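All values derive from a computational prediction rather than experimental measurement. All chains are named by letter (A, B, ...) in the order of the sequence lines, taking the proteins before the strands, and each is independently numbered beginning at 1.
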Protein chains: 2
Amino acid sequence: MYSIGQLSRRTGVKVPTIRYYEQTGLMPPADRTSGNQRRYDTDGLERLSFIRHARGLGFPIDAISALIELQTHPDRSCQAAGDLAQAQLDDVRNRIARLQALESELDRIVAGCDGKGAAGDCHVMTALADHDLCAQDH
Amino acid sequence: MYSIGQLSRRTGVKVPTIRYYEQTGLMPPADRTSGNQRRYDTDGLERLSFIRHARGLGFPIDAISALIELQTHPDRSCQAAGDLAQAQLDDVRNRIARLQALESELDRIVAGCDGKGAAGDCHVMTALADHDLCAQDH
DNA sequence: CCTTGAAGCTCTAGTTGCTAGAGGTTTTAC
DNA sequence: GTAAAACCTCTAGCAACTAGAGCTTCAAGG
């Protein structure tokens, strides 16, 4: 049996975050000692590791919740899990594309700034002040 | 003079967001009509356009605040604005790199899922359950 | 056994950047 | 004049935590 601190150290998830996950239903309520302290078994450890892994991959909490629901019903189709993972992959790809557009524009803005002028003539400030100079809408 | 709705339509910034920007100090307090409605001049329009442009580029509010401070002091060095823009560019690049690592891993996870199995044998679930399968820490 | 410090508990509120809704007032158009 | 649109302030919520206050329990050392 693990205390919450032991669980935290084993998984890398902070103590308050474990409590948060229990509060939001992602983790099942833990067994308690007579002193009201949480105690977790290896199932709890595995659940939290799963959550951490999925969070690390950027899955939102409700998607993880759905994945866990699938996990507790092994007879259900794998299709749903695949769809959730695919949706997350698509989201990540969209975010990359958007960030790359931002990078290009910021790169252009930064490249035009030699840091020598006064703020009144600053290329960065001028670029930000002139919305028409945007390469594209954002 | 513009009403807040007119300003919103001209800049694409929502009315509550304009109020929020005034509350947080990013926008100066607006002149008011006798009916207590905000009225903005072209300075206000330009300020909000600047804010929107910078937000669109991902600058956090406090960085925009710093940029605006520079803007109101044209004698100050351009170096600060360049630094802020460079910091934002670095942040965007870091985020891209992190997302690309996520993409690789998700891609691998998704690629192994043909959607035919039951959740109990699901490659996605297995991959998320096994933290050791991570290509790298995240 | 006692003491002390570490670890645990619940509860409240804050972070960032909005966003939504309630309940009221003002403005605008017909 | 009337009705609808637009405006106002205020409160609270969202996502996913995170921090701190004030208290209790546990564990280690003397």
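- One atom, NZ of B/Lys14, and another, P of C/dT19, lie 4 Å apart when rounded to the nearest Å.
- If you take CD1 of B/Ile64 and C1' of C/dG17, they are 11 Å apart, rounded to a whole angstrom.
- Between the CD atom of B/Gln23 and the P atom of C/dA20 there is a distance of 16 Å, given to the nearest Å.
- Taking side-chain N and O atoms only, A/Arg55 has a distance below 4.0 Å to OP1 or OP2 of D/dC17.
- Distance from the side chain of A/Tyr20 is smallest for D/dC17 among the nucleotides C/dG8, D/dC17, D/dC8.
- Within a heavy-atom distance below 4.0 Å of DNA chain C, the residues of residues 28-47 of chain A found are A/Arg32, A/Asn36, A/Gln37, A/Arg38.
- Residue A/Leu57 contributes atom CG, which lies 14 Å from atom P of D/dA16 at whole-angstrom precision.
- Mapping B/Arg19 and B/Phe59 onto DNA chain C via the closest heavy atom, the residue that lands nearer the 5' end is B/Phe59.
- Among the protein residues, B/Ser3 comes within range of the sugar-phosphate backbone only, with heavy atoms under 4.0 Å from sugar or phosphate atoms but none that close to a base.
- Rounding to whole angstrom units, CG of residue B/Leu48 and C1' of C/dG17 are separated by 15 Å.
- The side chain of B/Tyr21 contributes an N or O atom lying less than 4.0 Å from OP1 or OP2 of C/dC18.
- Atom-to-atom, CD of A/Glu22 to P of D/dA16 comes out at 18 Å; the value is rounded to the nearest Å.
- Remark: side-chain polar atoms of B/Gln88 are not paired, donor with acceptor, to backbone N or O of A/Leu106 under 3.5 angstrom.
- Nucleotide D/dC7 holds its P atom 15 Å from the OH atom of B/Tyr2, rounded to whole Å.
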